[in-house]
Amino acid sequence: MKTQPTASHFIDGAYVEDATGAPIDVIYPATGKVIATVHEATPAIVAQAIDAARRAQPVWATLSGTERGRILRRAADMIRDRNHDLSVLETYDTGKPYQETSVADATSGADALEYFGGIAATLTGEHIPLGGDNWVYTRREPLGICVGIGAWNYPTQIACWKGAPALACGNAMIFKPSETTPLCALKVAEILHEAGLPAGLYNVVQGKGAVGAALVTDPRVDKVSLTGSVPTGRKVYAAAAEGIKHVTMELGGKSPLVIFEDADIENAVSGAIMGNFYSSGQVCSNGTRVFVHRAIKEAFLERLSARLGNAVIGDPMAPETSFGPMVSEQQLNIVLSYIEKGRAEGARLVHGGARLDREGYYVQPSVFADVTDDMAIAREEIFGPVMAVLDFEDEDDVIARANATEFGLAAGVFTRDLARAHRVAARFEAGTCYINSYNDAPVEAPFGGSKLSGVGRENSKEAIAHYSQVKSVFVRMDDMEAPF
Ligand code: NAD
């Protein structure tokens, strides 16, 4: 497959190059080899994208929701038709196995375009009677120009999760992918325009943090939606606050997964695997603090180790591979350093723990047991395949410990006791919770974090509130009174 894109950026309905921007090499994580090079957006490119969005957005906002939605749904169908090629590209961009990308990435992007394409025609205001002949009606209006800034773990999905609701509500989008995975968003832009999206409404510009910052601080930008780490979130939120811009912040986490003694152990092990090792552990909502009731701890660890032995680690393009490399050498080194910290802090390594002796950025799925709450591997987001297993005996105690974190993205509970399941879910301080499951993210459900993990929600009807604003129109039919 050709991995070098036609050009670095997609602006005003066309691929655009400006080779004076600093080159960014795209590295295939399975080999460490350069597979493409893009150029960072220059100020001229950023200006071109903002100008294009400014020209296109007011016209787009005057279309009916049905007309806007039809284009998004057509793009969804085209993405599904091209799922194979898009999944291969996603694998080149991220290193995630094709076994995953073919069912989780372009497909979830298509789901978002279909969902928000469907909802576009239903966006309406309200009529609010005030007694007598007076009333207020509300209009749900777009925000204007939205900037999306992506992380590297789900480049196609993030490009669609931000683009679909923005466009459905009548906004224009300028999307800056992560510099680590710049390829997939260009395809999303290409397909949207092939599906009939007018030029200028979905633009992709490449670059690192400085390009993101240039977009966020531009006074013509109305909204910023970031998927990234908490430190970046702090900077972007502060910069957006300068201009009193709308924000959505999808940030990091260190989520708890609580497994009670009455849980179905095989299901709980599946939850722990999905919550720690899918995408080689590079998922924001991962349940990396696994609290296991002392009564079933050894049985749980035994089944977990046995099941991890079935992981097929290798060439991400091979259909049987179920565990791929880390996205970059830098991320690999972060993970290896945390494995070292876990050892040094006295946790018991029960599985994995080593880099693989092969090309690419591979590390084994790794599990530490006997982890205590104060250890770095139990407190800090690693964003890699390192599971920390902690013991507990008492429900109140485990809830307090699960919530004793600055993060609040997700949380999960495994138990057969229905009342306990709902009680625990209600007490979790997290935006996205799971009962006897982990890491599902259907477009129909709100997704996002509380505490330091974020502001706002993606997906579902909730996202509409974050890509539109309500105007109240007061209507007086009788005479207006005044004091003099
Ligand atoms: P990162 O914070 O390093 O970068 C995220 C994006 O922000 C990149 O595109 C980067 O170029 C850009 N950026 C950096 N500095 C900026 C600045 N000053 N102004 C504007 N943009 C700037 O994150 P990452 O390493 O790419 O991704 C991993 C992180 O993302 C993890 O913390 C993970 O939990 C989080 N994440 C969260 C979600 C979620 O939905 N909550 C999803 C995926 C990843």
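Counting convention: from 1, in listed order, for ligands and their atoms alike.
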Need the ligand 1 atom indices (1-based, order shown) with element for anything under 4.0 Å from a heavy-atom of [X].
| X | value |
| --- | --- |
| Ser229 | 1 (P), 2 (O), 23 (O), 29 (C), 30 (O), 32 (O) |
| Trp152 | 24 (P), 25 (O), 26 (O), 27 (O) |
| Gly252 | 32 (O), 34 (O) |
| Ser178 | 9 (O) |
| Gly212 | 19 (N), 20 (C), 21 (N) |
| Ala151 | 26 (O), 27 (O), 30 (O), 44 (C) |
| Leu409 | 41 (N) |

Which distance, rounded to the nearest 0.5 Å, do you find between the [atom1] of [X] and the [atom2] of [Y]?
| X | Y | atom1 | atom2 | result |
| --- | --- | --- | --- | --- |
| Lys162 | Tyr202 | NZ | OH | 10.0 Å |
| Leu201 | Cys146 | CG | SG | 11.0 Å |
| Ser468 | Lys223 | OG | NZ | 9.0 Å |
| Asp105 | Asp93 | CG | CG | 10.0 Å |

Check if [X] has a non-hydrogen atom at a distance under 4.0 Å from any atom of ligand 1.
| X | result |
| --- | --- |
| Gly454 | no |
| Leu226 | yes |
| Phe447 | yes |

*asked:* Under 4.0 Å, heavy-atom basis, I'd like to know which part of Phe383 is in contact with ligand 1: side chain, backbone, both or neither.
replied: side chain
*asked:* For Leu251, which part has a heavy atom under 4.0 Å from ligand 1: side chain, backbone, both, or neither?
replied: backbone
In the protein, what heavy atom is nearest to [atom], and what distance, to one decimal place, separates them?
| atom | value |
| --- | --- |
| atom 17 (C) of ligand 1 | Gly209 O, 3.6 Å |
| atom 12 (C) of ligand 1 | Ile149 CG2, 3.6 Å |
| atom 10 (C) of ligand 1 | Glu179 OE1, 3.6 Å |
| atom 34 (O) of ligand 1 | Glu381 OE2, 2.5 Å |

When only distance counts, is [X] in polar contact with ligand 1, meaning an N/O pair under 3.5 Å?
| X | result |
| --- | --- |
| Gly150 | yes |
| Glu458 | no |
| Lys235 | no |
| Thr227 | no |

*Hey, does the side chain of His9 reach the backbone of Val205 with a donor-acceptor pair shorter than 3.5 angstrom?*
no
*With sequence neighbours excluded, what pairs up with Tyr361 under the ring pair (Phe, Tyr, Trp, His ring centres under 6.0 Å) test?*
none
*asked:* Going by side-chain contact (heavy atoms from CB on, under 4.5 Å), Phe291 matches just one of Val258, Val413, Val371, Ile259. Which one?
replied: Val258
Compute the ring centroids of [X] and [Y], then answer whether they are less than 6.0 Å apart.
| X | Y | answer |
| --- | --- | --- |
| Phe383 | Trp152 | yes |
| His351 | Phe368 | no |
| His246 | Tyr467 | no |

*Between Lys96 and Tyr154, is NZ or CZ placed under 6.0 angstrom from the six-membered ring centre and within 45° of the ring axis?*
yes
*Does Arg234 count as lying over the ring of Tyr237, i.e. NZ or CZ under 6.0 Å from the six-ring centre, within 45 degrees of the axis?*
no
*For atom 4 (O) of ligand 1, which candidate among Thr232, Val216, Asn153 holds the nearest heavy atom?*
Thr232
